[in-house]
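For ligands, and for the atoms within them, numbers begin at 1 and follow the listed sequence. Here the structure is a predicted model, which means the values were calculated and not measured.
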Amino acid sequence: MKILITGGAGYIGSVVTEECITSGHETFVVDNLVKGHREMVHSAARFFENDIADKASITRILDENDIEAVIHMAAYSLVGESMADPSTYYHNNVVAGLELLDAMRATGVSKLIFSSTAAVYGEPKEQPISENALLAPTNTYGETKLAFEKLLMRFDAAYGIKYTTLRYFNAAGASERYGEIHDPETHLIPLILDVAEKRSPHASIFGDDYSTPDGTCIRDYIHVTDLAKAHVLAIEQLGDTSKTYNLGSGGGYSVKEAVEMAAKVTGCEIPVKIVDRRAGDPAVLVASSDRIKAELGWKPELTELSYIIGSAWKWRRTHSRA
Ligand code: UFG
């Protein structure tokens, strides 16, 4: 299939591009490189440095390359930043995405995979979280993703654009080629590996008074390669019915467990400081991924936290960074 990946120069996008190529798809990447990195785009993908808000350029790219399906991953994804600057988040995650959908309509491209997030659920009452849980985001980031999900529903009903929405839990780890680089970095695993590498003196644990066994928050870490494989299955099996799936490993690890595992995997000391809770962090977020397992035959394979953290560590040790 000829697939266009928006945001293919980002952390998750680079691994999704890699998996599409490995699965034999002709792969095209569009990224404006505001957050993405040119060197993270697989050499077998054709790259376009464009903004998805530029409808004329995207229309031309879709048309000239006979694109059959789009994986839409280009977005801003920091919760804190989204609260400080909602305008930018609504523009990038909703308005620009709307331009992309209009370009798809103009060129008759009717298949889309959308990167959504566990943040659409806010602070759910029940764990593990199923796709039927209440949608109640507590931050602008989650709201923009939910807004786009709703938009997709309307575009399906009115214009026949078929989609699969994938709600990611905590993507982590690295493939052999691609790993996580964010600036600024806010995610737990890269931050604790910064401490192992002595790039920072200690890790901060955001609160140890949650109602969890060790008092720190529990998250469902999913290896980025498992996540990427779900995109390939989703695009290959997308038919006449649009779908929404959670994507997690189905297990939860606490912040303290992640720090301890990182110390074990790296053999380095990781000093921690307990600091105040971070606003808007739910105590526990664990996915039920039963629906995607049953319907698409997806199965996470790299579920051990030691492997997830180990792969991120290995990638760092083999890819020099400033
Ligand atoms: N944490 C710390 N210290 C840090 C960084 C994080 O204790 O320095 C904790 C957080 O409080 C949280 C856990 O580690 O409990 C994981 O935090 P991350 O920032 O790595 O990930 P989040 O769970 O906050 O965010 C992820 C995605 C978001 C998405 C969210 C859904 O990265 O895009 O899940 O709730 F919105």
Considering distance alone, does some N or O of [X] sit under 3.5 Å from an N or O of ligand 1?
| X | answer |
| --- | --- |
| A118 | no |
| Y221 | no |
| L191 | no |

To the nearest 0.5 Å, how far apart are CD1 in I21 and OG1 in T27?
-> 4.5 Å
Y168-S115 side chain donor-acceptor pair, cut-off 3.5 Å | yes
Counting heavy atoms only, which part of [X] comes closer than 4.0 Å to ligand 1: side chain, backbone, both or neither?
| X | value |
| --- | --- |
| L188 | both |
| Y141 | side chain |
| R219 | side chain |
| S77 | backbone |

Please confirm whether R317 makes a cation-pi placement over W315, using NZ or CZ under 6.0 Å from the six-membered ring centre and within 45° of the ring normal.
-> no
Check this for me, if you would: do [X] and [Y] make a salt bridge, where the nitrogen-to-carboxylate-oxygen distance has to be below 4.0 angstrom?
| X | Y | value |
| --- | --- | --- |
| R105 | D102 | yes |
| K162 | D156 | yes |
| R316 | D194 | yes |
| R60 | D63 | no |

Distance filter under 4.0 Å to [X] heavy atoms, resulting ligand 1 atoms:
| X | answer |
| --- | --- |
| L285 | 35 (O) |
| A119 | 31 (C), 36 (F) |
| S204 | 2 (C), 3 (N), 4 (C), 7 (O), 8 (O) |
| I205 | 7 (O) |
| C217 | 15 (O) |
| T186 | 5 (C), 19 (O) |

How far is [atom] from its nearest protein heavy atom, and which residue and atom name does that atom have?
| atom | result |
| --- | --- |
| atom 7 (O) of ligand 1 | F206 N, 2.9 Å |
| atom 11 (O) of ligand 1 | D281 OD2, 2.5 Å |
| atom 32 (O) of ligand 1 | H187 NE2, 2.9 Å |

Going by the closest heavy atom to [atom], which one wins out of [options]?
| atom | options | result |
| --- | --- | --- |
| atom 14 (O) of ligand 1 | V255, T138, V275 | V255 |
| atom 24 (O) of ligand 1 | R278, H202, K273 | R278 |
| atom 29 (C) of ligand 1 | T117, N170, V259 | T117 |

Donor-acceptor pairs under 3.5 angstrom involving side-chain atoms of residues 36-47: please list them, not counting sequence neighbours.
{"residue": "H42", "atom": "ND1", "partner": "A44", "partner atom": "N", "Å": "3.0"}
{"residue": "R46", "atom": "NH1", "partner": "N65", "partner atom": "OD1", "Å": "3.1"}

Let me see the working for E81 and Y141 under side chain to side chain donor-acceptor pair (under 3.5 Å), right down to the final yes or no.
-> CA-CA 8 Å; E81 197 176 73; Y141 167 61; over 6 Å; no
E236 and M1: which non-hydrogen atoms are nearest, and at how many Å?
-> CA-CE, 4.4 Å
What heavy-atom pair brings D226 and W298 nearest, and what distance separates the two atoms?
-> O-NE1, 2.9 Å
Measure centre to centre between the rings of F148 and F114, then say whether the value is under 6.0 Å.
-> yes
